[in-house]
Amino acid sequence: MTVVLTVSREHPLARLSEVTQEQLLGHVELTIHDSGDTHKQKLDELQFGGDRVFYMHSFQSKKTALMMGMGFGWMPLYLIEQELRNRELVELNLLSGSRFSFTPQLVYPYDRPQGKAGKMITELLVTQ
């Protein structure tokens, strides 16, 4: 999965030809809580560490907030391809890199069997 650092075309960061991490810290970062680690209060490794972080509950709500110009954030490319083509959202040219790729992983307790929903999700992921 490819993830892109993006912002609304109307956002002040969209006007910069190159963006530094220091410049990002002056703006609101939109992110999503990592549900996989509910017991630790740690900074997500993809966050930039600024004081102004707004946590969203889903990628759809994050996309809506990005489109409204409320801040910047990482988004899966497949969710915003059309908006990037239409220039409603723009990819920031972050000097340290504005894209990365990773392979999603399904994690569940090995000592407890999956329920119906878990089995369905596993089947969908494995067949894709």
Side-chain angles (χ1 to χ4, degrees):
M1 178 180 300
T2 300
V3 183
V4 180
L5 187 61
T6 188
V7 70
S8 164
R9 69 175 171 216
E10 305 299 326
H11 194 279
L13 288 170
R15 295 185 208 112
L16 302 176
S17 59
E18 294 180 332
V19 180
T20 65
Q21 182 167 341
E22 291 76 27
Q23 289 169 312
L24 290 178
L25 298 180
H27 298 273
V28 174
E29 181 176 0
L30 302 171
T31 192
I32 297 175
H33 273 295
D34 182 356
S35 62
D37 191 4
T38 57
H39 298 293
K40 295 181 183 176
Q41 295 295 329
K42 66 174 187 161
L43 180 67
D44 185 322
E45 63 188 44
L46 298 176
Q47 286 182 325
F48 293 96
D51 294 332
R52 298 170 24 176
V53 179
F54 191 80
Y55 290 92
M56 310 301 292
H57 70 277
S58 69
F59 278 113
Q60 188 57 47
S61 62
K62 183 175 178 179
K63 179 178 173 179
T64 300
L66 285 167
M67 300 279 293
M68 293 172 63
M70 295 176 63
F72 69 92
W74 295 105
M75 282 294 291
L77 179 59
Y78 78 94
L79 291 177
I80 59 167
E81 287 178 305
Q82 184 67 38
E83 291 78 8
L84 288 172
R85 273 195 297 277
N86 294 342
R87 303 257 327 134
E88 295 170 274
L89 293 176
V90 296
E91 181 175 345
L92 292 175
N93 184 18
L94 183 64
L95 293 177
S96 60
S98 60
R99 288 183 179 219
F100 70 91
S101 295
F102 72 97
T103 302
Q105 297 179 352
L106 177 64
V107 179
Y108 62 92
Y110 184 73
D111 59 342
R112 290 191 340 231
Q114 288 182 317
K116 287 182 183 181
K119 288 179 183 176
M120 185 185 317
I121 291 169
T122 300
E123 185 177 319
L124 287 170
L125 290 174
V126 171
T127 59
Q128 294 296 321

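Since this is a predicted model, take the numbers as computed values, not measurements.
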Do [X] and [Y] have side-chain heavy atoms sitting under 4.5 Å apart?
X	Y	answer
E29	F54	no
N93	V19	no
V4	W74	no
L24	F72	yes
Q23	T20	yes

All side chain to side chain donor-acceptor pair (under 3.5 Å) counterparts of [X], not counting sequence neighbours:
X	result
S58	S61
R99	E91
Q82	R85, N86

Taking a hydrophobic cluster as the set of Ile, Leu, Val, Met, Phe, Trp and Tyr residues connected by side-chain heavy atoms closer than 4.5 Å, whether directly or through intermediates, do L95 and F100 fall within one such cluster? no
L94, L16: one ILVMFWY side-chain cluster at the under-4.5 Å cut-off? yes
Salt bridge (charged side-chain N to carboxylate O under 4.0 Å, His left out) contacts touching residues 56-76 (sequence neighbours left out): K63-E83
Can you list every pair that meets salt bridge (charged side-chain N to carboxylate O under 4.0 Å, His left out) and has a residue in residues 109-122, with sequence neighbours left out? none
Which atom pairs, one a donor and one an acceptor, fall under 3.5 Å between side chains of residues 6-13 and the rest of the protein, sequence neighbours left out?
from, atom 1, to, atom 2, distance (Å)
T6, OG1, V90, O, 2.9
S8, OG, E10, N, 3.1
R9, NH1, R87, O, 3.3
H11, ND1, L13, N, 3.0

Considering the options I32, L30, L66, which one meets the side chain to side chain contact (heavy atoms under 4.5 Å, CB included) requirement together with M75? L66
Going by the rule side chain to side chain contact (heavy atoms under 4.5 Å, CB included), which residues pair with M68 if we only count those two or more places apart in sequence or in a different chain? T64, M70
Looking at residues at least two apart in the chain, or sitting in another chain, which of them share a side chain to side chain contact (heavy atoms under 4.5 Å, CB included) with S101? T2
Nearest 0.5 Å, please: how far is CG in L79 from CD in Q60? 7.5 Å
Any chance you could measure L25, atom CG, to R52, atom CZ, to the nearest 0.5 Å? 10.0 Å
I'd like to know if the side chain of T31 reaches the main chain of Y55, judged simply by a donor and an acceptor atom lying under 3.5 Å from each other, with no hydrogens or angles considered. no
What ring pair (Phe, Tyr, Trp, His ring centres under 6.0 Å) pairs are there with at least one residue in residues 79-98, not counting sequence neighbours? none
